[in-house]
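Quick note on labels: first sequence line is chain A, next is B, and so on, each numbered from 1.
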Amino acid sequence: MSTRASDTSLEGQRPLSPHLQIWRWHATMATSIFHRASGVGNYIGAIALTLFLIVLSGGPESYASIAFLFEGALGWVTRIVMFLLTLSYSYHWLNGLRHLVWDAGAGFDPKVANRVSWLVMIATPIPAIVIWVLALGVAQ
Amino acid sequence: MTDYRTPISKVRGLGAAKSGVGHFIGQRLSAIALFLLLPVFLVAVALNSGSLDAIYALFSSPLGAILTLATLTAAIYHMRLGLQVVIEDYIHKPASKLTLLALNTLLCAALWIAALYSILRIAA
Ligand code: HEM
């Protein structure tokens with residue numbers, strides 16, 4: 001941002017908040033951004049679940065009108081989207097626990113924070129895979 | 001519950017960020033509820049996803065219906081508070097901000113009513 005010498009107001013001189021493009025990515029920053037992204041992903045998932053319940057409440061005939069979403073090739077696209085949503089819940093659940101630990105005043109040491117960031121990112125697939133192993137185990 | 005708001009904050013009704021403690025506590029309480037409810041709910045749905053009958057059986061059983069309603073209630077409450085912060089962080093034009101904040105609230109209210117109606121209707 002340019003400032004004129006004659007500009008005596010603070011307007012042109014206020015510090016800019018750090019913009020993403022000029023920061024080197026590091027683990028704690030990634031986990032913070034992913035928490036927000038997964039929160040928005042979870043929001044979308046909750047909308048989808050509610051819509052699904054509305055359809056189910058109309059009875060099996062009502063479900064029949066969306067059954068194509070779960071059949072054939074499209075069924076696999078739907079499953080992949082649902083798996084990605086499960087990953088979003090998984091990540092947000094693990095990192096949300098971390099937020100709650102922070103609120104209790106622990107976990108701020110940079111070394112620990114860095115290590116836990118990696119741990120959360122690496123562990124994220126585990127709960128999601130557990131859910132899907134259970135689901136595919138009962139699939140017909 | 002302990003009241004964390006200072007007397008002056010109550011008198012003014014506005015803090016540096018206009019408000020916040022109530023929001024913060026609501027977000028954390030719903031986070032704790034969801035931390036417990038979400039895995040139970042997802043496992044229950046996964047285990048009953050094999051057929052349409054199984055899914056209906058889950059949502060119409062007392063425990064399944066209550067679990068679903070509790071999870072969605074906590075989720076919708078939590079995500080309204082959560083998205084509010086995202087909107088406040090990125091949208092600065094007052095008219096757009098107010099519109100999006102209102103839409104967020106109205107959408108979440110509508111979702112909750114729809115979820116309540118649907119679950120009760122399936123379970124009834
Ligand atoms: C249906 C499930 C969930 C939805 C839809 C959801 C959605 C959101 C959204 C949209 C945000 C705002 C993100 C931001 O401001 O960057 C958020 C924040 C948060 N979520 Fe969730 N969330 C869910 C589950 C959980 C769970 C299970 C936990 C706890 C383990 C949790 C803990 C938190 C916390 C502590 C915050 C505040 C983060 C902060 O202050 O920056 N959430 N959530």
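- Contact annotation for A/Pro60: both backbone and side-chain heavy atoms come within less than 4.5 Å of a heavy atom of chain B.
- Under a hydrophobic clustering in which Ile, Leu, Val, Met, Phe, Trp and Tyr are joined whenever their side-chain heavy atoms come within less than 4.5 Å, directly or via other members, A/Val101 and B/Phe35 fall into different clusters.
- Heavy atoms closer than 4.5 Å to chain A are found in both the backbone and the side chain of B/Val85.
- Note on A/Leu56, A/Ile131, A/Ile54: by heavy-atom pairs under 4.5 Å with chain B, the leading option is A/Leu56.
- Ranked by non-hydrogen atom pairs under 4.5 Å with chain B, the options A/Val55, A/Leu97, A/Ile47 are led by A/Leu97.
- By number of non-hydrogen pairs under 4.5 angstrom with chain A, the leading residue of B/Ala75, B/Pro39, B/Ala54, B/Ala123 is B/Pro39.
- Using a 4.5 Å heavy-atom cutoff, the side chains of A/Phe52 and A/Ile66 are in contact.
- Contact tally against chain A (heavy-atom pairs below 4.5 Å) for B/Leu38, B/Leu52, B/Val43: the top residue is B/Leu52.
- Contact annotation for B/Leu111: both backbone and side-chain heavy atoms come within less than 4.5 Å of a heavy atom of chain A.
- Looking at every heavy atom in both residues, A/Thr31 comes nearest to A/Ser117 through OG1-OG, 3.4 Å.
- For the pair A/Ala46 and B/Met79, the tightest heavy-atom approach, listed with the atom from each and the gap, is CB-SD, 3.6 Å.
- Taking A/Gly59, A/Gly137, A/Pro127 one by one and counting their heavy-atom pairs under 4.5 Å with chain B, the maximum is reached by A/Gly59.
- Between atom CG of residue B/Leu72 and atom CG of residue A/Leu53 there is a gap of 6.5 Å, rounded to the nearest 0.5 Å.
- Note: A/Val138 leads A/Val138, A/Val130, A/Leu136, A/Val133 in heavy-atom pairs under 4.5 Å with chain B.
- Contact annotation for B/Ile119: only side-chain heavy atoms (C-beta onward) come within less than 4.5 Å of a heavy atom of chain A.
- Interface residue B/Leu47: backbone and side-chain heavy atoms are both found under 4.5 Å from chain A.
- Of all the listed residues (B/Val86, B/Ile55, B/Val45), the one sharing the greatest number of non-hydrogen pairs under 4.5 Å with chain A is B/Val86.
- By the 4.5 Å side-chain criterion applied to Ile, Leu, Val, Met, Phe, Trp and Tyr, A/Leu100 is assigned to a cluster that also includes B/Ile32.
- Between A/Pro125 and A/Leu87, the shortest heavy-atom distance links the atoms CA-CD2, 3.8 Å.
- Rounded to the nearest 0.5 angstrom, B/Leu81 CG and B/Leu29 CG are separated by 10.5 Å.
- Interatomic distance, A/Leu119 CG to A/Asn114 CG, rounded to the nearest 0.5 Å: 11.5 Å.
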Under 3.5 Å, which donor-acceptor pairs link chain A and chain B? Put them in a table for me, please.
from, atom 1, to, atom 2, distance (Å)
A/Arg36, NH1, B/Asp89, OD2, 3.0
A/Arg36, NH1, B/Tyr90, OH, 3.1
A/Arg36, NH2, B/Asp89, OD2, 2.9
A/Tyr43, OH, B/Asn104, OD1, 2.6
A/Leu56, O, B/Tyr56, OH, 2.6
A/Ser57, O, B/Arg121, NE, 3.3
A/Gly59, O, B/Tyr56, OH, 3.3
A/Trp93, NE1, B/Phe35, O, 2.9
A/Asp103, OD1, B/Arg28, NH1, 3.4
A/Asp103, OD2, B/Arg28, NH1, 2.9

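- A continuous path of hydrophobic side-chain contacts links A/Leu49 to B/Ile76 [ILVMFWY only; heavy atoms under 4.5 Å].
- The part of B/Leu107 that comes within reach of chain A is its side chain, from C-beta onward, which places non-hydrogen atoms under 4.5 angstrom from that chain.
- In the hydrophobic clustering of this structure, A/Leu94 groups with A/Val112; members are Ile, Leu, Val, Met, Phe, Trp, Tyr whose side-chain heavy atoms approach within less than 4.5 Å, directly or through other members.
- Under the 4.5 Å side-chain heavy-atom criterion for ILVMFWY residues, a single connected hydrophobic cluster contains both A/Leu69 and A/Leu51.
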